[in-house]
Amino acid sequence: MKIDTKKIFISLLLISLWGGVGIAQELEDYLKIAAENNPKLQSAYTQFEAALQQSPQVSSLPDPTLTVSAFGRMVETRLGAQEARFSLMQMFPWFGTLKTKKEAADFLAEARFQEYLAMRADLFFEIKKAYAQLFAIEKTIALKEENLDILDSYRELSLSKFRSGSSKMVNVVRVDIKRDEALTEIELEKEQLESLKKQFNLLLNRDRQADVAIQDTLIFNPEIQNEIINPEEAFKMHPELAKFDREREAYESRAETAQKSGLPNFGIGVDYSIISKRRDANPPMNGQDAIMPMFSVSLPIFRKKYKAAEKEAELMQEAAIQNKEARENQLLSEFEQTVYDLNKADKLLKLYERQIESSNQANRLLVSAFSNNDGDFEEVLQMNQDILMLKTQQIEALKTGFTAQAKMDYLSAKTENYDEKN
């Protein structure tokens, strides 16, 4: 029966991943599991939550100071002897200092959140990449197992020709050699598949022996390169670059905080003295307790520490800008490579489609010629191996295209929100 390989290929490859069909359900489920369970990702989110606790710490006033003095020997005053003294003082930083501290803490917390988003996007890419590798090996194994059936049919054909005296026994031996080679390759690839499944489960932080279901088709949209966005615009939303922006803004606020810290702090308080009544006289307001308002101001005369803090914040701003520029250049480099990988995968898939179709025609002609005693069986075997190689390369090109597509999603900051943390 003739198989229309062209129709199979089209149905396999030309379904849009990012259109209505979406990611296959199995892969979508794995991304959800990873978002919830991956310990490295959980750690990044926990660090973000911890960073949120900085804001209420730095934006609060210093604790008031209460001083209690009890006199061992009472101090005599005109109105009586002082028995005890209470002083309460509240310090206030320069106007706006607490606000700039809070802004710096909030920006740094947002930077930690962007770091978490970047880590999640990278994890999703690694999972898609590993999933594509699993798909490719599983399909290659299936392809080689199907090829065993073809080799068995060739063996029967060559054995029948040998019995009729129209072929040599060496043709049967050649088939046996190819079968033995194929069986060994299948065994090794099955072992590799099991190892990769365990590694995949570790990415999801679940039991290494858990079953990994793989979809029947790996969907790759070769038209995605026609919809490639402007990388400079896309990277503005990339969490890794946004992280450096938030860090720069945090250090701007810290620089302003350092300036304000070099200005005086003010204190307002009250002093309350308990005075006992005089017994030797009775002056006006005899024994009346004394209440005295107080005001204090700090004198920031040692300027080196304030200047150093301001300079440190300015240098950290510059470092954040430099880090962003370096990472942006790296992302642009990865973008160019990904565009090349997408185009390459598309062209190779089209090439292999044409070559497989032509090779199948040539193979049928060679088998027919050999059946009619007018062909070389070695050519039949070689053509069959060529077809197998082309189909294997087709699977690899599909894997490469799918991986590049996942990479483009990462670069354009299109990350699925599969976790429940908001």
Side-chain angles (χ1 to χ4, degrees), residues 1-14 132-133 135-193 216-218 220 222 343-402:
M1 181 178 68
K2 181 179 179 181
I3 299 176
D4 194 337
T5 57
K6 184 174 182 179
K7 288 183 179 179
I8 293 177
F9 180 80
I10 292 175
S11 66
L12 179 67
L13 300 179
L14 300 185
Q133 179 70 11
F135 169 87
I137 294 178
E138 189 171 85
K139 292 305 175 185
T140 300
I141 291 172
L143 194 61
K144 291 184 177 180
E145 288 177 340
E146 291 175 3
N147 188 58
L148 284 176
D149 295 334
I150 297 175
L151 291 176
D152 287 340
S153 67
Y154 288 170
R155 189 179 191 281
E156 289 298 321
L157 176 61
S158 59
L159 187 59
S160 174
K161 299 280 292 177
F162 168 73
R163 288 170 179 166
S164 66
S166 59
S167 179
K168 300 176 182 180
M169 186 61 187
V170 68
N171 291 332
V172 180
V173 176
R174 285 171 176 163
V175 176
D176 289 338
I177 292 173
K178 292 294 183 183
R179 287 190 79 262
D180 186 51
E181 179 183 348
L183 287 169
T184 302
E185 289 177 353
I186 290 172
E187 183 180 356
L188 291 173
E189 287 174 349
K190 283 183 177 180
E191 291 177 0
Q192 183 184 14
L193 181 61
D216 292 332
T217 59
L218 193 64
F220 165 55
N343 287 323
K344 178 182 177 181
D346 184 26
K347 288 180 170 60
L348 287 178
L349 286 170
K350 292 175 180 177
L351 172 64
Y352 295 145
E353 178 188 3
R354 297 191 301 268
Q355 289 183 328
I356 289 172
E357 183 176 0
S358 299
S359 297
N360 282 330
Q361 293 177 353
N363 189 58
R364 288 192 292 270
L365 293 174
L366 289 172
V367 172
S368 177
F370 178 73
S371 300
N372 296 324
N373 301 323
D374 190 27
D376 187 350
F377 186 71
E378 188 173 355
E379 290 184 352
V380 173
L381 281 180
Q382 184 59 51
M383 182 56 68
N384 181 68
Q385 287 300 115
D386 292 344
I387 293 173
L388 177 63
M389 181 187 68
L390 288 171
K391 289 181 177 180
T392 303
Q393 291 175 335
Q394 184 184 48
I395 293 173
E396 284 297 312
L398 179 57
K399 180 192 77 174
T400 300
F402 180 86

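Model, not experiment: these values are computed from the prediction.
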Undergrad: Nearest 0.5 Å please: distance from the CG atom of L388 over to the CD atom of Q393.
TA: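 These two atoms lie 10.0 Å from each other.
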Undergrad: E396 vs K399, test: salt bridge (Lys or Arg N to Asp or Glu O under 4.0 Å). Steps then yes/no.
TA: CA-CA 5 Å; E396 284 297 312; K399 180 192 77 174; 3.0 Å; yes
Undergrad: Charged N to carboxylate O below 4.0 Å: is that the case for E145 and K190?
TA: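 K190 and E145: salt-bridged.
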Undergrad: Does some side-chain heavy atom of N171 sit less than 4.5 Å from a side-chain heavy atom of F162?
TA: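 They are not in side-chain contact.
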Undergrad: Thinking salt bridges, do E353 and K350 make one under a 4.0 Å N-O criterion?
TA: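 No.
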Undergrad: Just do the side chain to side chain contact (heavy atoms under 4.5 Å, CB included) check on L159 and V175 with the steps written out, would you?
TA: CA-CA 10 Å; L159 187 59; V175 176; over 6 Å; no
Undergrad: Looking at CG of L351 and CG of L390, how far apart are the two atoms once the value is rounded to the nearest 0.5 Å?
TA: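 L351 CG to L390 CG: 8.0 Å, rounded to 0.5 Å.
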Undergrad: Tell me, with the steps shown, if I186 and L148 meet side chain to side chain contact (heavy atoms under 4.5 Å, CB included).
TA: CA-CA 10 Å; I186 290 172; L148 284 176; 3.8 Å; yes
Undergrad: Less than 4.5 Å apart, any side-chain heavy atom of L381 and any of L151?
TA: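 They are in side-chain contact.
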Undergrad: For F377 and F370, I'd like to know if the aromatic rings sit close, meaning centre-to-centre distance below 6.0 Å.
TA: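 Yes: the rings meet the under 6.0 Å criterion.
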Undergrad: Any heavy-atom pair between the side chains of I137 and I141 that's under 4.5 Å?
TA: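 The answer is yes, as the side chains (C-beta and beyond) meet within the 4.5 Å cut-off.
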Undergrad: Hey, does F220 have a side-chain heavy atom less than 4.5 Å from the side chain of T400?
TA: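 When only atoms from C-beta onward are counted, F220 and T400 do not touch, as no gap falls below 4.5 Å.
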Undergrad: Could you pull out the closest heavy-atom pair between G401 and A345, with the gap in Å?
TA: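 Closest pair (atom of G401, atom of A345, distance): CA-CB, 3.5 Å.
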Undergrad: Counting C-beta onward and ignoring hydrogens, is there a side-chain heavy-atom pair between V172 and R155 closer than 4.5 Å?
TA: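 Side chain of V172 against side chain of R155, heavy atoms only: contact under 4.5 Å found.
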Undergrad: Supply the atom-to-atom distance R354 CZ to E357 CD, rounded to the nearest 0.5 angstrom.
TA: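 These two atoms lie 10.5 Å from each other.
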Undergrad: Would you say the side-chain atoms of N363 and N384 include a donor-acceptor pair closer than 3.5 Å?
TA: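 Per modelled atom types, N363 and N384 side chains form no pair under 3.5 Å.
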Undergrad: Of the non-hydrogen atoms in T217 and F135, which two are nearest, and what is the gap between them?
TA: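 Heavy-atom minimum between the residues: C-CE1, 3.7 Å.
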Undergrad: Taking C-beta and beyond as the side chain, do T140 and E185 meet within less than 4.5 Å on heavy atoms?
TA: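 No; the side chains remain at least 4.5 Å from each other.
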Undergrad: Between S153 (side chain only) and I150 (backbone N and O only), is there a donor and an acceptor less than 3.5 Å apart?
TA: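 Side chain of S153 to backbone of I150, a donor-acceptor pair under 3.5 Å: yes, one is there.
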Undergrad: Under the 3.5 angstrom rule, does the side chain of N372 hit a backbone N or O of S368 as a donor-acceptor pair?
TA: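 Yes, because the side chain of N372 sits within donor-acceptor range (under 3.5 Å) of the backbone of S368.
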Undergrad: Sub-3.5 Å donor-acceptor pair from the side chain of S160 to the main-chain atoms of E156, do we have one?
TA: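 No.
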Undergrad: What's the spacing between Q382 CD and K178 NZ if we round to 0.5 Å?
TA: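 It is 6.5 Å, given to the nearest 0.5 Å.
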Undergrad: Using every non-hydrogen atom in the two residues, find where L348 and A397 come nearest and quote the distance to one decimal.
TA: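 Here L348 and A397 meet closest at CB-CB, 4.2 Å.
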Undergrad: Rounded to the nearest 0.5 Å, what separates atom CE in M389 from atom CD in Q355?
TA: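 Those atoms lie 8.0 Å apart.
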Undergrad: Using 0.5 Å steps for rounding, measure from the CG atom of N147 to the CZ atom of R179.
TA: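 The CZ atom of R179 is 10.0 Å from CG of N147, to the nearest 0.5 Å.
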Undergrad: So do the side chains of K144 and K391 get within less than 4.5 Å of each other, counting heavy atoms only?
TA: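 No. Closest side-chain heavy atoms not under 4.5 Å.
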Undergrad: Indicate yes or no: at least one non-hydrogen side-chain atom of S359 is less than 4.5 angstrom from one of I387.
TA: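 Yes, their side chains come closer than 4.5 Å.
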